[in-house]
Amino acid sequence: GPLADIVQAQGGELWLDGGHNPHAARALAADFRSAIDPRPLILIVGMLNTKDAAGFLSAFAGVASEMLTVTPPSAAARPSADLAEEAQSLGFMAVDALEIESALRLIDTPARVLICGSLYLAGEALRLNGWAPD
């Protein structure tokens, strides 16, 4: 779909996961840590206010090279600027990208790109990529 095309044009690959808690983040980080792939891992992450953002983001220490934060389509969404500040306070390079497509367009290197942090965000990514569930 169109989102994957943006990433693949740079020689990267796009991953999507609905994980939104520290346990899910640890499992995701372990999978990417064990993969033999020289490309950096860049997260496009958006979360709800009700989730443990610090616990989720911390799991990617030493695994993710960058975080691009977005705001999921939900009234309970944590603003992307707040999430970027949280990621920066944890030592990550993080940029407030507002939404998925603009985040993808900021990536200018072959990378493994993981969209994660919210089921709402996963649903939005599927919709934008032409795979919206019925």
Side-chain angles (χ1 to χ4, degrees):
L3 297 182
D5 291 344
I6 295 169
V7 175
Q8 290 170 348
Q10 296 291 339
E13 60 187 25
L14 182 62
W15 295 78
L16 175 66
D17 192 274
H20 53 267
N21 60 44
H23 180 77
R26 287 189 297 274
L28 279 168
D31 282 347
F32 280 97
R33 186 178 287 113
S34 67
I36 299 172
D37 192 322
R39 295 174 293 185
L41 174 63
I42 298 174
L43 266 58
I44 295 176
V45 62
M47 301 189 78
L48 301 185
N49 283 321
T50 57
K51 302 302 176 186
D52 177 4
F56 185 89
L57 299 174
S58 294
F60 292 96
V63 181
S65 65
E66 182 178 356
M67 294 188 182
L68 303 170
T69 61
V70 298
T71 303
S74 168
R78 184 172 184 162
S80 56
D82 291 352
L83 192 56
E85 286 180 20
E86 179 82 28
Q88 291 165 357
S89 76
L90 294 168
F92 292 100
M93 188 186 127
V95 174
D96 175 8
L98 299 177
E99 53 90 24
I100 295 171
E101 189 171 347
S102 62
L104 290 172
R105 295 199 183 282
L106 290 173
I107 300 168
D108 61 358
T109 186
R112 297 171 295 158
V113 179
L114 172 61
I115 299 172
C116 62
S118 165
L119 291 172
Y120 290 96
L121 185 62
E124 177 71 356
L126 290 172
R127 184 189 70 75
L128 291 170
N129 208 40
W131 289 48
D134 293 333

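Quantities reported herein were computed from a predicted structural model and do not represent experimental measurements.
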Those residues that, when tested against T71, pass side chain to side chain donor-acceptor pair (under 3.5 Å) (two or more places apart): S80
Student check: side-chain heavy atoms of V45 and S118 closer than 4.5 Å: no
Any residue meeting salt bridge (charged side-chain N to carboxylate O under 4.0 Å, His left out) with E101, in chain and number order, not counting sequence neighbours: R105
Nearest-0.5 Å distance, CE of residue M47 to OG of residue S74: 12.5 Å
All pairs passing salt bridge (Lys or Arg N to Asp or Glu O under 4.0 Å) where residues 15-35 contributes a residue, at least two apart: none
Distance, nearest 0.5 Å, that separates CG of L3 from CD of Q8: 10.5 Å
Same cluster (ILVMFWY, side-chain, under 4.5 Å), I115 and L126: yes
Close side-chain approach of L83 to L57, heavy-atom, < 4.5 Å: yes
same_hphob_cluster(L114, I42) at 4.5 Å side-chain heavy-atom cutoff: no
Connected via hydrophobic side-chain network under 4.5 Å: L121 and L98: no
Check: L41 main-chain N/O paired with S65 side-chain donor or acceptor under 3.5 Å: yes
Path from L128 to I107 over hydrophobic side-chain contacts below 4.5 Å: yes
For Q88 against A94, the heavy-atom pair lying closest together: NE2-O, 2.8 Å
From OG1 (T69) to CG (L43), nearest 0.5 Å: 11.0 Å
Considering all heavy atoms, the nearest G19-A24 contact: CA-CB, 3.7 Å
Where V63 and A29 come nearest, the two heavy atoms and their spacing: CG1-O, 4.0 Å
Where N49 and P79 come nearest, the two heavy atoms and their spacing: OD1-CD, 4.2 Å
Any donor-acceptor pair under 3.5 Å from E66 side chain to M93 backbone: no
Distance-minimising heavy-atom pair for A103 and L68: O-CD1, 3.3 Å
Student check: side-chain heavy atoms of N129 and L16 closer than 4.5 Å: no
Verify same cluster id: F92, F56 (apolar side-chain graph, 4.5 Å): yes
Partners passing side chain to side chain donor-acceptor pair (under 3.5 Å) against E13 (at least two apart in sequence or in another chain): W15, R39
F32 side chain near D37 side chain, heavy-atom distance below 4.5 Å: no
Residues in side chain to side chain donor-acceptor pair (under 3.5 Å) contact with R78, at least two apart in sequence or another chain: E86
Other ILVMFWY residues reachable from Y120 by side-chain steps of under 4.5 Å: L48
Shortest non-hydrogen contact between G11 and P110, atoms and distance: O-CB, 3.6 Å
